[in-house]
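Take a look at the structure below.
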Amino acid sequence: MYRFQIRAYTQMGESICLVGSTPELGLWDIRKCVQLRTSGDRYPLWWTDTEIDIQPSLESDNGQKVEYKYVRLTATRSLPIGKNYKLHCKIRLD
């Protein structure tokens, strides 16, 4: 389980989502994004806990590299927030 979180101010009706390079993160398809949530006492913090199936990489013994970004969803469009992030996952094969 991975926790993704970001501080983001939104207007009424907007939300924050996560999209990325794995099937669990929508394979960069904004229609399949993961919705983040917030609460009145934690706003402007948005978060989600998401399972990601990490597979060993055939290219190296360092595991899979997951790339993702946060997106602000409005009624009419999606707006990327900042840069793309990378999650480097190491696999232990004991």
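Quick caveat: nothing in here was measured; it's all calculated off a predicted structure.
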Subject >> Evaluation steps, side chain to side chain contact (heavy atoms under 4.5 Å, CB included), between L73 and C33 >> reply: CA-CA 10 Å; L73 296 178; C33 70; 4.2 Å; yes
Cluster check [X], [Y]: I/L/V/M/F/W/Y, side chain < 4.5 angstrom:
X: Y70; Y: V66; value: yes
X: V34; Y: L87; value: yes
X: W46; Y: Y9; value: yes

**OP:** May I have the step-by-step check of side chain to side chain contact (heavy atoms under 4.5 Å, CB included) for Q5 and L45, ending in yes or no?
**Re:** CA-CA 7 Å; Q5 61 185 30; L45 183 67; 4.0 Å; yes
Can you tell me how far the [atom1] atom of [X] sits from the [atom2] atom of [Y], to the nearest 0.5 Å?
X: L36; Y: I6; atom1: CG; atom2: CD1; result: 8.0 Å
X: R7; Y: Y43; atom1: CZ; atom2: OH; result: 11.0 Å
X: N84; Y: K69; atom1: CG; atom2: NZ; result: 5.0 Å
X: S21; Y: K86; atom1: OG; atom2: NZ; result: 10.0 Å
X: E67; Y: T22; atom1: CD; atom2: OG1; result: 11.5 Å
X: R37; Y: W47; atom1: CZ; atom2: CH2; result: 5.5 Å

**OP:** For atom CZ of R3, decide whether the heavy atoms of other residues, nucleotides or ligands shown that lie under 6.0 angstrom number more than 12.
**Re:** yes
**OP:** Give a yes or no on this: more than 12 heavy atoms of other residues, nucleotides or ligands lie within 6.0 Å of atom CE of M1.
**Re:** yes
Subject >> Minimum heavy-atom distance between V71 and I30, given as atom pair plus value >> reply: CG1-CD1, 3.7 Å
Subject >> Closest non-hydrogen atom pair, T10 against R72 >> reply: CG2-NH1, 3.4 Å
Original post:
Which of parallel (below 30°), tilted (30 to 60°) and perpendicular (above 60°) describes F4 and Y2?
Top reply: tilted
Original post:
Which of parallel (below 30°), tilted (30 to 60°) and perpendicular (above 60°) describes Y85 and Y68?
Top reply: parallel
